[in-house]
Amino acid sequence: MSKKQDNKISPMEQDYNQWYLDVIQAAQLADYSPVKGCMVIRPNGYALWENIQRTLDEMFKDTGHVNAYFPLLIPENFFQKEAEHVEGFAPECAVVTHGGGSKLEEPLYIRPTSETIIWSMYRKWISSHRDLPLLINQWANVLRWEMRTRLFLRTTEFLWQEGHTAHATEKEAEQEALRMLEVYRKLAEETLAIPVICGTKTEKEKFAGAEHTYSIEAMMQDHRALQAGTSHHLGQNFAKAFDVTFQDEQGQRQFVWATSWGVSTRLIGALIMTHSDNKGLVVPPRLAATKAVVVPILSKNADSGLMLSEARKIADSTGLGRAIKVDERENLSPGWKFHHWEQRGVPLRIELGPRDLENHQVVLVRRDTGEKLFVPQDGLKDKVNGLLEEIQQNLFNRAKAYRDEYTYVVDDEETFRAKLEDPGGFLLAHHCGERECEERIQAETKATIRCIPFDAEQEEGKCLFCGKPSHKRVIFAKAY
RNA sequence: CGGGAAGUGGCUCAGUCUGGUAGAGCACCUGGUUCGGGACCAGGGGGUCGCAGGUUCAAAUCCUGUCUUCCCGACCA
């Protein structure tokens with residue numbers, strides 16, 4: 001056993017919070033900044049975000065959206081135009097009061113989200129039904145003055161994308177909100193390998209200014225829920241607040257229907273807490289900037305120059321290009337390198353030593369299972385790519401099985417409270433749908449309704465807490 | 001924002017109670033031997049102790065303020 005103390009990762013069973021921070025530190029995903037609640041996203045972390053961006057941006061464009069950029073600063077009065085919106089966001093906004101050495105006539109808010117500035121522009125851009133739909137997305141940073149922050153999960157400033165669309169009809173806006181939620185589901189499940197539940201938020205939990213909010217909800221390895229993305233049907237609220245109208249085919253002036261939707265760097269937090277283990281980060285192959293690393297085993301009995309050149313050949317033969325690295329460092333032992341790449345979550349390790357050279361083989365080691373495979377060098381490309389796909393699938397299946405294991409159907413309050421405390425998880429329960437009832441449960445148990453799942457079956461029942469009739473089960477959980 | 005804990009070379013920490021001018025392990029640099037799960041030997045470089053004041057002949061150490069981080073709570077992507 002090594003005496004080295006650096007990069008130690010606390011076991012998640014012992015201290016889940018510390019484990020999460022240790023994984024981030026060991027994989028060098030992020031670091032703290034001098035400003036409270038802000039973080040520096042380091043290259044390893046930013047690479048994850050870049051791949052999320054790339055994947056999502058393609059999907060946005062495939063569904064007819066275009067990118068634009070709106071300013072960071074928003075006039076104070078814009079926030080006051082939509083009553084619920086100002087109530088929801090004003091308290092957590094940072095405000096710029098001075099510029100150029102003097103006090104500003106009107107304070108400027110640093111955007112916590114961009115509905116207001118965007119709809120003030122849409123007013124200028126929309127006048128006819130021929131201008132609709134308007135499907136714009138922006139990649140941006142936003143600022144929310146949160147009381148308590150956590151790397152990636154809740155930081156004062158964070159990166160996200162926010163889509164803002166304008167439509168001629170309510171139905172079209174509704175379809176858009178649902179379509180984008182589906183885009184998020186695909187991203188989460190197929191790229192991040194995070195199983196999610198799609199559903200509707202309750203009145204209490206919906207976005208400030210929305211008619212209704214849809215979300216994807218994931219379960220972390222401490223059995224708590226994490227909202228991983230949201231899509232809002234905004235109705236005509238912002239159109240009315242900013243007086244955005246169009247003339248329909250009949251020449252009638254009408255308010256525009258709207259949606260907005262977003263995912264943020266929080267997804268990286270979700271990724272960490274879904275797949276990583278006590279060895280460190282685990283990244284699904286489709287998201288990994290480095291999908292595989294070749295570790296040559298050097299020794300005094302072998303020609304190290306030959307070993308390195310063979311290692312490079314092996315790397316080339318996989319066809320992974322930039323996504324495969326050869327760890328050529330001669331001052332580090334193989335064991336050290338194994339740990340190093342495991343902490344960084346590289347999905348596949350390829351070992352090449354003297355014995356392998358002799359047998360014309362390599363050793364493949366999976367990050368997800370730790371399994372070692374001895375495979376011939378011939379046909380390595382197919383083997384490696386097949387294995388990466390298998391790892392991707394396995395991570396998803398494993399996470400889904402885990403979530404299902406901690407999802408319970410509960411029919412009485414006593415069981416509800418007991419399960420919530422131990423072991424925690426998703427509790428499928430009947431609820432009356434009333435806000436007061438929901439608030440009382442949260443106050444007493446810390447559990448919130450994560451969503452009303454789309455696939456919840458019609459089923460007659462009674463609210464677990466007040467006995468009023470219910471037709472569907474909702475998901476309760478403690479959430480981040 | 002309330003309660004608790006903590007900030008000392010890159011990292012983990014000792015030293016603080018009982019002031020006397022900073023130490024260990026790992027990391028780093030050089031040379032050599034190693035290398036199939038965190039190698040070893042020898043030599044070497046680097047910190048004024050989060051920041052700002054105060055007390056004192058003298059402050060990492062005592063006092064005041066402040067900033068940041070972690071945990072618990074109220075607020076949230």
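Lettering follows sequence order; numbering is per chain, from 1. The analysis underlying the following values was restricted to heavy atoms, covering all of them including side chains, and did not include hydrogens, waters or symmetry mates. What you see is a predicted model; the values in this text were computed from it and never measured.
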On a whole-Å scale, what distance lies between the [atom1] atoms belonging to [N] and [M]?
{"N": "A59(B)", "M": "A52(B)", "atom1": "C1'", "answer": "15 Å"}
{"N": "G7(B)", "M": "G15(B)", "atom1": "P", "answer": "10 Å"}
{"N": "U34(B)", "M": "U18(B)", "atom1": "C1'", "answer": "49 Å"}
{"N": "C11(B)", "M": "C57(B)", "atom1": "C1'", "answer": "38 Å"}
{"N": "G3(B)", "M": "G45(B)", "atom1": "P", "answer": "48 Å"}
{"N": "G9(B)", "M": "A60(B)", "atom1": "P", "answer": "14 Å"}
{"N": "C17(B)", "M": "U61(B)", "atom1": "P", "answer": "9 Å"}

By nearest nucleotide on RNA chain B, pick out whichever of Q442(A) and V362(A) is the more 5' one.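 The residue mapped nearer the 5' terminus is V362(A).
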Nearest nucleotide by nearest heavy atom, which residue falls closer to the 5' end of RNA chain B, F338(A) or A479(A)?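 Looking at the nearest nucleotide for each, F338(A) comes out on the 5' side.
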Nearest of [options] to any side-chain atom of [X]?
{"X": "R355(A)", "options": "A77(B), G37(B), G36(B)", "answer": "G36(B)"}
{"X": "P354(A)", "options": "G36(B), C71(B), G37(B)", "answer": "G36(B)"}
{"X": "S299(A)", "options": "G36(B), A77(B), C35(B)", "answer": "C35(B)"}
{"X": "H339(A)", "options": "A74(B), C35(B), G38(B)", "answer": "G38(B)"}
{"X": "K446(A)", "options": "G36(B), A77(B), G73(B)", "answer": "G73(B)"}
{"X": "P334(A)", "options": "C70(B), G36(B), G37(B)", "answer": "G36(B)"}
{"X": "M147(A)", "options": "A77(B), C1(B), G37(B)", "answer": "C1(B)"}
{"X": "N17(A)", "options": "C72(B), C35(B), A77(B)", "answer": "C72(B)"}

Test applied, ring-ring contact (aromatic ring centres under 6.0 Å, His included); reference residue, F89(A); option that passes from F207(A), F79(A), W145(A), Y109(A):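 Answer after filtering F207(A), F79(A), W145(A), Y109(A): F207(A).
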side-chain N/O R329(A) vs C35(B) OP1/OP2, d < 4.0 Å: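 False: R329(A) side-chain N/O out of range (4.0 Å or more) of C35(B) OP1/OP2.
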Answer whether the closest heavy-atom distance between the side chains of [X] and [Y] falls below 4.5 Å.
{"X": "L267(A)", "Y": "L187(A)", "result": "yes"}
{"X": "E176(A)", "Y": "H167(A)", "result": "yes"}
{"X": "L352(A)", "Y": "V295(A)", "result": "no"}

Residues in salt bridge (charged side-chain N to carboxylate O under 4.0 Å, His left out) with K201(A), at least two apart?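 Applying salt bridge (charged side-chain N to carboxylate O under 4.0 Å, His left out) to K201(A) gives E217(A).
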If I take atom [atom1] in residue [X] and atom [atom2] in nucleotide [N], what distance separates them, rounded to the nearest angstrom?
{"X": "K478(A)", "N": "C75(B)", "atom1": "NZ", "atom2": "P", "value": "15 Å"}
{"X": "R42(A)", "N": "C11(B)", "atom1": "CZ", "atom2": "C1'", "value": "12 Å"}
{"X": "Q28(A)", "N": "G10(B)", "atom1": "CD", "atom2": "C1'", "value": "11 Å"}
{"X": "R148(A)", "N": "A74(B)", "atom1": "CZ", "atom2": "P", "value": "10 Å"}

Would W336(A) count as stacking on A39(B) if stacking means ring centres less than 5.5 angstrom apart and planes tilted under 30 degrees?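 Whether judged by distance or by angle, W336(A) falls short somewhere, so it does not stack on the base of A39(B).
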So that I can tick it off, tell me whether [Y] and [X] are bridged by a salt bridge, with the cut-off set at under 4.0 angstrom between side-chain N and carboxylate O.
{"X": "K61(A)", "Y": "D57(A)", "value": "yes"}
{"X": "E438(A)", "Y": "R435(A)", "value": "no"}
{"X": "E310(A)", "Y": "K313(A)", "value": "yes"}

Stacked cation flag R349(A) on F338(A), 6.0 angstrom / 45 deg: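 Yes, R349(A) and F338(A) form such a contact.
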By the 4.0 Å heavy-atom rule, please label G353(A) as base, sugar-phosphate, or nothing.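 G353(A): base contact, heavy atoms under 4.0 Å.
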Tell me what T230(A) touches on the nucleic acid: a base, only sugar-phosphate, or nothing, going by heavy atoms under 4.0 Å.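 Since no nucleic acid heavy atom lies under 4.0 Å of T230(A), the category is nothing.
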Identify the pairs formed between an N or O of the protein and an N or O of nucleotides 67-69 of chain B at a distance under 3.5 Å, and give each distance.
{"from": "U68(B)", "atom 1": "OP1", "to": "K36(A)", "atom 2": "N", "distance (Å)": "3.4"}
{"from": "U69(B)", "atom 1": "OP1", "to": "G37(A)", "atom 2": "N", "distance (Å)": "2.6"}
{"from": "U69(B)", "atom 1": "O3'", "to": "Y32(A)", "atom 2": "OH", "distance (Å)": "3.4"}

Shorter than 3.5 Å, N or O on both sides, protein versus nucleotides 31-33 of chain B: list them out with atom names.
none

Kindly give the heavy-atom pair with the smallest separation between R111(A) and F70(A), and that separation in Å.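 Nearest heavy atoms, R111(A) then F70(A): NH1-O, 2.8 Å.
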Please evaluate residues Y214(A) and F454(A) with respect to the criterion ring-ring contact (aromatic ring centres under 6.0 Å, His included), reporting the C-alpha separation (whole Å), side-chain torsions for both, the decisive distance (0.1 Å), and the verdict. CA-CA 10 Å; Y214(A) 302 120; F454(A) 290 156; 5.5 Å; yes
